[in-house]
Asks: 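Have a look at this one before I ask anything.
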2 protein chains.
Amino acid sequence: MRYKINVMSYHKKQEFKSDEIKASEIAKALSHPARISILKFLAQQKSCICNDIVEHLPLSQSTVSQHLKELKNVGLIQGEIDGPRVCYCIDKENWKKAKAIMIELFDMNLAPIKIKCC
Amino acid sequence: MRYKINVMSYHKKQEFKSDEIKASEIAKALSHPARISILKFLAQQKSCICNDIVEHLPLSQSTVSQHLKELKNVGLIQGEIDGPRVCYCIDKENWKKAKAIMIELFDMNLAPIKIKCC
DNA sequence: TAAATCTATCGTATATTTGCGATATAAAAT
DNA sequence: ATTTTATATCGCAAATATACGATAGATTTA
């Protein structure tokens, strides 16, 4: 095959379509069981106090804090200072948007036409 | 707060629930725009020939091969040798399963009860 | 048979993620 | 005022992910 000439670089992500980047960012936020667990915990609203989340996970407080930060950065949760604590909760608006993006991805038209194999 | 005692270790993923791990693995497979792009390309069945996928992406052949391997490992695609080429396609059965898992995650009951904040 | 084509894998470099303890800060409790 | 509690962030170490070129192996074409 004709070899592609590629410039030595390590960040190619920006060369993709913005909707593909967006979907991948949502997926990345969900790509660690701790973050899935945090979201489930918040959805069940057993509590939204940060420390309760920490107690719920087999991870140190600082590690949990980092996972919370990632979920916050991608917009899936919100944090609100409540006296000495921080109350986290799912950002329902962004959650819906994320859901729509992922569903659109999974609803891709799986054409039943057999081209070669498949 | 009482500090948790944690053994120095780098692999805590296995300490989570298996359904959380499963969801995170699917999400991880989707956490790079190149892999999203590959799946969309295959869904549209513009082709399922490996080399056409390589031509479609701004990445080298070896890098694309690695992304294909990850998608294959998680079960979202299948590869079939077709003479000198390899024909990749979406594993429709596993795709459906993955979709169900992600939809279940996004359909988490977002309790409307206000506990503290939220 | 030799050359060309296609793909996977190896080796390697860099970037990012994951994890922890320590610590800084802020509020609450004593 | 001091101590306790709660949280974020810093600094570091290890693991994993991302990317490439080179190359091996297999197949097809010339």
Side-chain angles (χ1 to χ4, degrees), chain A residues 1-16 21 24-25 27-38 47-55 57-74 77 79-88 116, chain B residues 1-16 21 24-25 27-38 47-55 57-74 77 79-88 116:
Chain A
M1 72 181 288
R2 271 168 269 102
Y3 289 104
K4 284 197 220 179
I5 294 148
N6 280 291
V7 180
M8 249 299 198
S9 71
Y10 287 96
H11 290 96
K12 293 258 172 164
K13 285 185 183 174
Q14 295 313 314
E15 297 184 27
F16 292 88
I21 293 169
S24 73
E25 284 170 349
K28 190 140 79 81
L30 303 174
S31 72
H32 195 291
R35 295 193 287 271
I36 301 272
S37 186
I38 289 169
S47 157
C48 48
I49 304 300
C50 175
N51 188 240
D52 293 338
I53 301 167
V54 173
E55 294 295 325
L57 297 177
L59 297 170
S60 73
Q61 181 268 322
S62 60
T63 303
V64 173
S65 190
Q66 281 183 86
H67 284 304
L68 288 166
K69 192 179 180 182
E70 281 182 73
L71 289 171
K72 213 164 80 175
N73 285 345
V74 83
I77 64 172
E80 191 185 305
I81 292 167
D82 171 39
R85 303 152 207 272
V86 175
C87 180
Y88 282 102
K116 270 268 181 186
Chain B
M1 71 182 288
R2 273 169 267 100
Y3 289 104
K4 285 198 215 175
I5 294 148
N6 280 291
V7 180
M8 250 297 199
S9 71
Y10 288 95
H11 290 97
K12 293 258 171 164
K13 286 186 183 175
Q14 295 313 311
E15 296 184 27
F16 292 88
I21 293 169
S24 73
E25 284 171 349
K28 190 140 78 80
L30 303 174
S31 72
H32 194 290
R35 294 192 288 271
I36 301 270
S37 186
I38 289 168
S47 157
C48 49
I49 305 299
C50 175
N51 188 241
D52 292 338
I53 300 167
V54 173
E55 294 295 324
L57 297 176
L59 297 169
S60 73
Q61 181 268 322
S62 60
T63 303
V64 173
S65 191
Q66 280 182 88
H67 284 303
L68 288 167
K69 193 180 180 181
E70 280 183 73
L71 289 171
K72 213 164 81 174
N73 285 345
V74 84
I77 65 172
E80 192 185 304
I81 293 167
D82 171 39
R85 304 153 207 271
V86 175
C87 180
Y88 282 103
K116 271 265 179 188

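Below, each value reflects all heavy atoms present in this structure, side chains not excepted, and no hydrogens, waters or symmetry copies. Sequence lines set the chain letters: A, B, ... in the order given, protein chains first and strands last, and positions in each chain run from 1.
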Asks: Can you list the residues that meet the salt bridge (Lys or Arg N to Asp or Glu O under 4.0 Å) rule with E70(B), with sequence neighbours excluded?
Replies: R35(B)
Asks: Contact class for E70(B) (heavy atom, under 4.0 Å): base, sugar-phosphate, or nothing?
Replies: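 The answer is sugar-phosphate, as E70(B) gets under 4.0 Å only of primed atoms, P, OP1 or OP2.
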Asks: Quick check: on DNA chain C, is the nucleotide nearest S62(A) upstream (toward 5') of the one nearest S62(B), or the reverse? Name the residue that is more 5'.
Replies: S62(B)
Asks: Could you tell me whether a side-chain N or O of S65(A) sits under 3.5 Å from a main-chain N or O of S62(A), the two making a donor and an acceptor?
Replies: no
Asks: Is the base of dA8(D) touched by the side chain of Q61(A) through a donor-acceptor pair closer than 3.5 angstrom?
Replies: yes
Asks: Hey, mind stepping through I21(B) and K13(B) against side chain to side chain contact (heavy atoms under 4.5 Å, CB included) and telling me if it holds?
Replies: CA-CA 7 Å; I21(B) 293 169; K13(B) 286 186 183 175; 5.5 Å; no
Asks: Return the CG to CG distance between D52(B) and L57(B), rounded to the nearest 0.5 Å.
Replies: 11.0 Å
Asks: In residues 31-38 of chain B, which ones come under 4.0 Å of DNA chain C, going by heavy atoms?
Replies: none
Asks: Give the rounded distance in Å between these two atoms: CG of N73(A) and P of dA8(D).
Replies: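 It is 12 Å, rounded to the nearest whole Å.
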Asks: So, does T63(B) get its side chain near the phosphate of dC20(D), meaning an N or O under 4.0 Å from OP1 or OP2?
Replies: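 Looking at the OP1 and OP2 atoms of dC20(D), one of them is under 4.0 Å from a side-chain N or O of T63(B).
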Asks: Is K13(B) near enough to dT16(D) that one of its side-chain N or O atoms lies under 4.0 angstrom from OP1 or OP2?
Replies: no
Asks: Once you round it to whole Å, what is the distance between C1' of dT17(C) and CD of Q66(A)?
Replies: 9 Å
Asks: Using side chain to side chain contact (heavy atoms under 4.5 Å, CB included) as the criterion, list what pairs up with K72(A), not counting sequence neighbours.
Replies: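 For K72(A), the residues satisfying side chain to side chain contact (heavy atoms under 4.5 Å, CB included) (neighbours in sequence not counted) are I77(A), Y88(A).
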Asks: dG19(C) base to S60(A) side chain: any donor-acceptor pair below 3.5 Å?
Replies: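 Not at all, since no donor on one side and acceptor on the other fall under 3.5 Å apart.
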Asks: Would you say dC6(C) has OP1 or OP2 under 4.0 Å from some side-chain N or O of Y88(B)?
Replies: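 It does not, given that no N or O in the side chain of Y88(B) lies less than 4.0 Å from OP1 or OP2 of dC6(C).
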Asks: Give the rounded distance in Å between these two atoms: CD1 of I81(A) and C1' of dT7(D).
Replies: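 Atom CD1 in I81(A) sits about 9 Å away from atom C1' in dT7(D).
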Asks: Starting at the 5' end of DNA chain D, which residue's closest nucleotide do you reach first, K69(A) or P84(A)?
Replies: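 First, find each residue's nearest nucleotide; the 5'-ward one identifies P84(A).
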Asks: So, is H67(B) close to the dA19(D) phosphate, meaning a side-chain N or O under 4.0 Å from OP1 or OP2?
Replies: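 Yes.
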Asks: Can you check the R85(A) CZ to dT25(C) C1' distance for me, whole Å?
Replies: 17 Å
Asks: Rounded to whole Å, how long is the line connecting atom NZ of K28(A) with atom C1' of dT18(D)?
Replies: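 Interatomic distance, NZ of K28(A) to C1' of dT18(D): 12 Å.
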Asks: May I ask you to decide if A34(B)'s main-chain N or O and S37(B)'s side chain share a donor-acceptor pair within less than 3.5 Å?
Replies: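 The answer is no, because no donor-acceptor pair under 3.5 Å joins these two groups.
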Asks: Measuring only between side-chain heavy atoms, which start at C-beta, is L59(B) closer than 4.5 Å to H67(B)?
Replies: yes
Asks: Using whole Å, what does the distance between atom P of nucleotide dT16(D) and atom CD of Q14(B) come to?
Replies: 11 Å
Asks: To the nearest Å, how far apart are E25(B) CD and dT16(D) C1'?
Replies: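 Going from CD in E25(B) over to C1' in dT16(D) covers 14 Å.
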Asks: Check the distance between dT17(C)'s P and K12(B)'s NZ and give it to me in whole angstrom.
Replies: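 Rounding to the nearest Å, NZ of K12(B) and P of dT17(C) are 20 Å apart.
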